[in-house]
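What you are looking at is a predicted structure, and each value in this text was computed from that prediction instead of being measured. Order of the sequence lines fixes the chain letters, A, B, ..., with proteins taken first and strands second; residue numbering starts at 1 for each chain.
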2 protein chains.
Amino acid sequence: MNPAQHPDVNMGACDLGDMVTPITPVDARTLVSVSEAVIRTASRAERKERTRQNLLDVTLKLIGKRSLASISLREVAREAGIVPTAFYRHFESIDALGVELVDESMRPLRQMIRDTRRGATAKGDIIRGTVDILGRQVRDNPDQFRFLSRERYGGVTAVRRAIATELRLFTSELTIDLARMTAGYDWTSDDLEMTADLMVSAMLATVMELLEIDKRHPEDEQVILERAERQLRLIALGMSVWRSAR
Amino acid sequence: MNPAQHPDVNMGACDLGDMVTPITPVDARTLVSVSEAVIRTASRAERKERTRQNLLDVTLKLIGKRSLASISLREVAREAGIVPTAFYRHFESIDALGVELVDESMRPLRQMIRDTRRGATAKGDIIRGTVDILGRQVRDNPDQFRFLSRERYGGVTAVRRAIATELRLFTSELTIDLARMTAGYDWTSDDLEMTADLMVSAMLATVMELLEIDKRHPEDEQVILERAERQLRLIALGMSVWRSAR
DNA sequence: CTAGTCAGTGAACGAATGTTCACTGAAATA
DNA sequence: TATTTCAGTGAACATTCGTTCACTGACTAG
C-alpha cells in the first residue's frame with residue numbers, strides 16, 4: 001500500500017555475535033554466551049546452512065500474512081538479518097526459494113502418513129485416528145500448511161507445479177493404503193485412486209478451514225474436525241456398497 | 001523479476017475514439033465507426049460504467065497469470081487505457097477492486113445452481129447433469145474460476161473473506177437441495193450441511209484440476225470430469241446407507 | 001604459516017510503485 | 001445560456017525494488 005516503511009537496517013534475527021567482534025581475549029573466554037559459543041565453534045558450512053535455514057524460516061513466517069509473489073527479496077533478507085546481495089549466495093530468486101520451501105512444508109504431511117499407518121496397525125478407529133493426527137499436525141505446523149494451501153493455486157508457476165507433484169505423491173500413498181484395505185473386494189486401481197483423491201480433497205479443505213479459524217473462537221476446531229470425521233465416514237460407507245464396473 | 005519492462009504508454013484496450021478528437025465535422029459525420037458512435041452517444045454515467053467494467057475485466061485477465069497481491073494499480077490502469085490517477089475515480093485500491101471482482105466471479109457459480117435445478121426437475125441423471133454443467137461453466141468462464149480458486153486462500157484478507165462468505169452461501173443453497181432430496185429419511189440439518197460441504201469440496205477440487213489442464217492435452221478434461229462423476233456417485237452411495245445419529 | 005575460498009558487505013544503478021495535486025474539457029444542471 | 005460537476009490528464013514526489021560490482025575478512029586447505 002504505502003511505499004514508505006522500512007529503512008534498510010540490519011536488525012532482528014541476526015546473532016549478537018556480530019556485535020562483539022572487537023572484544024578482548026579475556027572477555028571472550030569469560031563472558032561468552034552459549035549461543036555465541038555455538039556460533040564461534042560453527043564451521044563455515046554450518047554457518048551457511050544456518051543462514052539458509054533462517055531465510056527459509058523467515059519466508060515461511062512472511063507467507064503467513066501475504067503471498068509469495070508479493071514478498072520481496074529485500075524484505076526476506078532484511079528479516080533474516082543479512083544484506084540483500086547475500087541472499088544470492090543461497091538462492092537465485094524468491095521463486096527458487098519457494099520451490100525449496102515446498103519440500104520443507106511437505107514434511108508434516110509425510111509425517112501424517114507415517115503416524116496414521118502406525119495408528120492403523122495398532123488398533124481401533126482408523127478414521128478417528130486420522131482426523132486426530134490431521135488436527136495435531138495442522139496445529140503444530142500452521143505456517144507450513146498455510147504455505148501449501150496459499151501457494152497451491154497461487155501466482156508462482158514453479159511453486160504450484162512442485163506442490164502439485166508432491167500432492168500427487170501423497171494421494172498415491174493413500175491409494176496404496178486403500179488397496180490394502182479393500183483387498184479381495186475387486187476394486188479397480190482407477191476407483192481406488194478416485195477415492196483417495198476425494199479423501200485428500202476433503203482433508204485439504206479441512207486443513208484450510210482449520211487455518212482460517214479466528215483465534216478468539218478456538219472451539220471451532222472441534223466442530224471442523226468432527227465434521228471432517230463424518231465426511232470420511234460417509235465416504236467409507238459409500239465404499240462398503242461400491243462395486244467397481246470392470 | 002526484472003524491474004524494467006513497461007514504458008508508461010496508453011495503448012491496448014482503449015477505444016480508437018480517443019485518437020480522432022481533432023476531426024472535421026464532415027469526417028465525423030461520414031467516417032465515424034459504430035463503436036465510436038456508441039461512445040459519442042453514451043452519457044457520462046454510461047462511459048464511467050464502461051471504464052469501470054473495463055478495469056474489472058482487465059484485472060481478471062491479469063490474474064490469469066499472477067496473483068492479485070502482485071498486480072499493480074499502474075499495470076491495471078495501463079492495460080485499461082487510462083492514467084493511474086483515474087483509477088481512483090472507480091476504486092480506492094486494488095484490494096477494493098478485488099472484493100468487487102468476487103461478486104462478478106460468483107455469477108457463473110450461481111448460474112450453475114440454477115441450471116442444475118432446472119435439469120433436476122426435468123429428467124434423468126442428476127449427477128451426470130451436474131458434472132456436465134460444471135465442465136461447461138469452467139470452460140466458458142475460466143478467468144472467473146481461476147480468480148476464485150487463486151484468491152480463495154490468497155494473500156488479500158478482504159478478498160479471502162468475501163469469497164468465503166459467498167461460498168458459504170453456495171453451500172447452503174446445495175444444502176437446501178439435499179434436504180429436498182432426502183425428505184422423509186430423517187437427516188439432521190447438520191449432516192446435510194456436512195454432506196453439501198463435502199460435495200462442494202470435491203467440486204472445487206475438480207474445478208482447480210480443470211483449470212490446471214495443459215492445453216496440449218484437452219482429453220484430460222474428460223478424465224477429470226469422469227472422476228468427479230464417480231466421486232459424487234460414491235458420496236450418493238454413502239448417503240443411501242447413512243443414518244443420522246439423533 | 002600462507003594462499004585461496006567464499007559468506008556477507010555496502011554503495012550505486014535504473015526502473016517501477018502508490019499517491020498528491022492542480023488542471024482540462026465535455027457533459028449535466030440550472 | 002451560464003454554471004457546475006467530474007472522469008480523465010500529466011507532472012512530480014518519495015519510496016521500494018532487483019541486480020551489478022568491487023570489497024573484506026574469517027575460515028579452510030595446502
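Under the salt bridge (charged side-chain N to carboxylate O under 4.0 Å, His left out) rule, A:Glu173 has a single partner from A:Arg110, A:Arg117, A:Arg114, which is A:Arg117.
The CZ atom of B:Phe91 sits 14 Å away from the C1' atom of D:dA7 (whole-angstrom rounding). Computed from coordinates, the B:Leu73 CG to C:dT17 P distance equals 9 Å when rounded to whole Å. Atom CD of B:Glu49 is separated from atom P of D:dC6 by 16 Å (rounded to the nearest Å). Atoms NZ (B:Lys48) and C1' (D:dA7) sit 7 Å apart, rounded to a whole Å. Following rounding to the nearest Å, A:Leu55 (CG) and C:dG8 (C1') show an atom-to-atom distance of 12 Å. Between the CZ atom of B:Arg74 and the C1' atom of D:dG10 there is a distance of 11 Å, rounded to whole Å. At whole-Å resolution of the value, CZ in B:Arg78 and C1' in C:dA16 are 8 Å apart. Summarising the geometry, the separation between CZ on B:Arg47 and C1' on C:dA27 is reported as 10 Å, rounded to the nearest angstrom.
No side-chain donor-acceptor contact under 3.5 Å links A:Arg160 to the backbone of A:Tyr153. With hydrogens and angles ignored, the 3.5 Å screen pairs no side-chain donor or acceptor of A:Arg89 with any backbone N or O of A:Arg52.
At the heavy-atom level, B:Ser72 lies under 4.0 Å from the strands shown only through sugar-phosphate atoms.
Residue-to-nucleotide proximity on DNA chain D shows that, of B:His90 and B:Arg44, the 5′-proximal contact is made by B:Arg44. For the pair B:Ala45 and B:Arg89, both in contact range of DNA chain C, the more 5′-proximal nearest nucleotide belongs to B:Arg89.
Taking only side-chain nitrogens and oxygens, A:Thr51 comes nearer than 4.0 Å to OP1 or OP2 of C:dG8.
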task = Could you walk me through whether A:Phe147 and A:Thr59 pass the side-chain contact (heavy atoms from CB on, under 4.5 Å) test, one step at a time?
result = CA-CA 10 Å; A:Phe147 169 71; A:Thr59 307; over 6 Å; no

